[in-house]
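Note sheet for the following structure.
Quick caveat, the model's predicted, so the values are computed rather than measured. Note: hydrogens, waters and symmetry copies are ignored here, and every other heavy atom, side chains too, is used.
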Number of protein chains: 2
Amino acid sequence: MSRASDRAYSAIRNMILSGELPAGAQLGEEALAEMCGVSRTPVREALRRLEADMLVGRTDTQRTFVADWSLGDVADSFELRSMLEARAARRAAERMTDAALARIRAANRALSAAIQQPVPDVAGFLEGNREFHAIILEVAGSRRLTALLCTLIEQPVVLRTARHYSREELRRSHAEHEELTAAFARRDGAWAEAVMTSHILRAYHAYADAHRAHLDASDQQEAAE
Amino acid sequence: MSRASDRAYSAIRNMILSGELPAGAQLGEEALAEMCGVSRTPVREALRRLEADMLVGRTDTQRTFVADWSLGDVADSFELRSMLEARAARRAAERMTDAALARIRAANRALSAAIQQPVPDVAGFLEGNREFHAIILEVAGSRRLTALLCTLIEQPVVLRTARHYSREELRRSHAEHEELTAAFARRDGAWAEAVMTSHILRAYHAYADAHRAHLDASDQQEAAE
DNA sequence: GCAACAGATATTGTATACAAATGCCATCGG
DNA sequence: CCGATGGCATTTGTATACAATATCTGTTGC
């Protein structure tokens with residue numbers, strides 16, 4: 001994280017996720033280098049990584065721009081994520097150890113505590129959630145599965161999804177984690193796979209609903225202007 | 001392909017796949033630059049791409065080395081590939097057009113012609129096979145699915161698998177393509193998914209058998225020395 | 001007025017120099 | 001003899017200069 005290319009990566013990534021760099025914006029290496037306080041070399045490396053993350057795209061002539069994530073792209077991403085995480089859950093259930101199970105339960109307790117605050121602690125929820133899914137991937141023990149999922153999760157969407165979660169949705173998410181844990185405890189791969197599929201697809205629909213609501217609000221605002 | 005970084009990528013990739021750079025070998029940027037006749041800058045870029053392909057790995061201190069593909073890694077890779085290609089086949093079946101179907105049939109005819117030569121034309125087989133799978137991905141219409149599969153196919157393994165195919169195995173592969181085509185013609189997603197799963201997993205076992213036979217031969221050779 | 005061209009401008013690609021870090025090895029102390 | 005430590009060699013990381021390429025713009029010819 002202290003290397004210049006890592007700082008550039010984080011900085012550009014944050015600017016994209018925060019919307020400071022809007023979708024479709026051209027990304028000049030020189031300009032980014034100045035913003036990040038580094039030279040073009042680490043910026044180029046950061047852009048390549050962001051390209052692999054599909055957060056930026058490239059024209060046929062090597063110009064870089066901020067990728068725009070249509071709802072279709074998000075659906076695409078969630079569909080793949082549901083499939084891959086479900087597979088991970090199945091493998092994890094088949095390989096589960098008591099030690100890992102204990103860690104999963106601990107992550108769930110932390111997550112539960114976060115959502116039971118008077119004002120739900122979204123950061124705490126996200127951290128517990130991340131830990132939960134990370135342990136599953138670890139137990140699943142497939143380096144390639146892990147690598148593929150890394151390009152799908154932690155994308156623009158996950159954060160925004162959770163932000164829009166109501167307390168009820170947060171609780172439901174926790175309940176699904178509990179059911180997954182039960183499946184892990186029984187070493188039931190098919191059960192874990194099914195619950196995980198449902199868990200991810202529910203998150204997708206929560207996102208899609210929030211997205212549509214947002215669009216409607218925008219339309220009304222435009223109509224009023 | 002004319003850019004220096006592309007040449008470096010191809011050159012290093014070929015050296016890895018041909019075994020000229022053995023698994024585990026350290027990859028010094030300077031040395032590679034000299035081999036490829038370019039400077040370190042494009043070599044660094046090539047190494048990052050190869051890292052994404054999982055053809056090279058990195059130590060905790062940023063030293064690059066040739067990744068070693070154990071049979072377990074190959075199994076891991078094939079398992080994911082079967083899942084993702086099967087999903088692609090399902091989507092393709094649901095979205096199939098008559099035009100795409102015609103192209104798929106043409107690719108299959110080319111493939112069939114290649115394996116019916118007096119001496120099977122492995123290069124022709126591979127090209128027809130590649131085209132066949134590429135059209136399916138195209139029709140599936142998921143950019144992310146395409147991106148993920150690109151990191152799984154065309155890896156050390158595909159080539160070697162086909163090289164060891166007997167004429168009977170080549171014919172069987174063609175027969176599976178024909179069945180897939182039938183599923184596409186009926187727009188039957190579930191059928192296409194099932195056939196594709198079987199198609200990829202059969203290829204895996206063909207590879208694994210050849211791999212084990214190779215290991216046995218090596219053992220005998222070592223014992224004789 | 002529009003299209004095509006040419007030069008100017010901006011952007012990306014590559015090479016190289018230097019800085020920072022890592023690894024190696026020999027020496028020193030126990 | 002073994003392990004730790006310090007310095008040397010090697011390797012990677014970054015900055016910068018320059019080359020190649022693409023884009024933009026104004027002009028010219030139709």
Side-chain angles (χ1 to χ4, degrees), chain A residues 1-16 19-68 143 147 150-151, chain B residues 1-16 19-68 143 147 150-151:
Chain A
M1 189 45 148
S2 67
R3 289 198 339 285
S5 63
D6 292 332
R7 276 185 292 133
Y9 175 78
S10 298
I12 299 170
R13 188 169 190 281
N14 288 336
M15 285 191 281
I16 292 173
E20 188 178 341
L21 292 170
Q26 295 285 335
L27 295 174
E29 295 174 357
E30 194 97 39
L32 292 173
E34 201 166 335
M35 288 188 217
C36 302
V38 299
S39 79
R40 274 180 53 215
T41 309
V43 166
R44 285 174 64 81
E45 197 170 312
L47 284 177
R48 289 284 149 71
R49 285 167 62 186
L50 290 164
E51 195 184 343
D53 295 345
M54 301 193 82
L55 280 175
V56 310
R58 230 162 232 279
T59 68
D60 52 351
T61 66
Q62 305 298 100
R63 251 84 176 161
T64 310
F65 58 90
V66 179
D68 65 329
R143 288 192 8 244
C150 279
T151 73
Chain B
M1 189 44 147
S2 67
R3 292 199 335 287
S5 62
D6 292 332
R7 275 185 293 132
Y9 174 79
S10 298
I12 299 169
R13 187 170 191 284
N14 288 336
M15 285 191 282
I16 292 174
E20 189 178 340
L21 291 170
Q26 295 285 335
L27 296 174
E29 294 174 358
E30 194 94 40
L32 292 173
E34 201 166 335
M35 288 188 217
C36 301
V38 299
S39 78
R40 272 180 54 215
T41 308
V43 167
R44 285 174 65 81
E45 198 170 310
L47 285 177
R48 289 285 150 64
R49 285 168 61 187
L50 290 163
E51 194 183 344
D53 295 345
M54 302 194 81
L55 280 175
V56 309
R58 229 160 233 280
T59 67
D60 52 350
T61 66
Q62 304 298 98
R63 250 83 177 165
T64 308
F65 57 91
V66 179
D68 64 330
R143 290 191 9 245
C150 278
T151 73

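- The neighbour count for A/Arg49 CZ, taken as heavy atoms of other residues, nucleotides or ligands under 6.0 Å away, is above 12.
- The existence of a salt bridge linking A/Asp6 and A/Arg13 is excluded, since no basic side-chain nitrogen approaches an acidic carboxylate oxygen closer than 4.0 Å.
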Heteroatom pairs (N/O) under 3.5 angstrom, protein to nucleotides 7-13 of chain D:
residue	atom	partner	partner atom	Å
D/dT11	O4'	B/Arg63	NH2	3.2
D/dT12	OP1	B/Leu27	O	3.4
D/dT12	OP2	B/Glu29	N	3.0
D/dG13	OP1	B/Gln62	NE2	3.0
D/dG13	OP2	B/Arg44	NH1	2.6
D/dG13	OP2	B/Arg44	NH2	3.0
D/dG13	N7	B/Arg40	NH2	2.8
D/dG13	O6	B/Arg40	NH1	2.9

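- Atom C1' of nucleotide D/dT16 and atom CD of A/Glu34 are separated by 15 Å, given to the nearest angstrom.
- For the residue pair A/Val43 and A/Ile12, the shortest heavy atom distance occurs at CG1-CD1, 4.4 Å.
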Per-pair distances, 0.1 Å, donor-acceptor, side chain in residues 30-40 of chain A, under 3.5 Å, sequence neighbours excluded:
residue	atom	partner	partner atom	Å
A/Ser39	OG	A/Thr41	N	3.4
A/Arg40	NE	A/Glu29	OE1	3.0
A/Arg40	NH2	A/Glu29	OE1	2.9

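- The phosphate of D/dA15 (OP1 or OP2) has a side-chain N or O of A/Ser39 nearer than 4.0 angstrom.
- Across every non-hydrogen atom of B/Phe65 and B/Gly24, the tightest pair is CB-O, 3.9 Å.
- Toward the 5' end of DNA chain D, the nearer of the two residues A/Asp60 and A/Gly37, judged by each one's closest nucleotide, is A/Gly37.
- At whole-Å resolution of the value, CZ in A/Phe65 and P in D/dA22 are 17 Å apart.
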- request: Decide salt bridge (charged side-chain N to carboxylate O under 4.0 Å, His left out) for B/Arg48 and B/Glu45; before the verdict, give the C-alpha distance in whole Å, the side-chain angles of both, and the deciding distance to 0.1 Å.
  value: CA-CA 5 Å; B/Arg48 289 285 150 64; B/Glu45 198 170 310; over 6 Å; no

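- Going from atom CZ of A/Arg7 over to atom P of C/dA20 covers 13 Å, rounded to whole Å.
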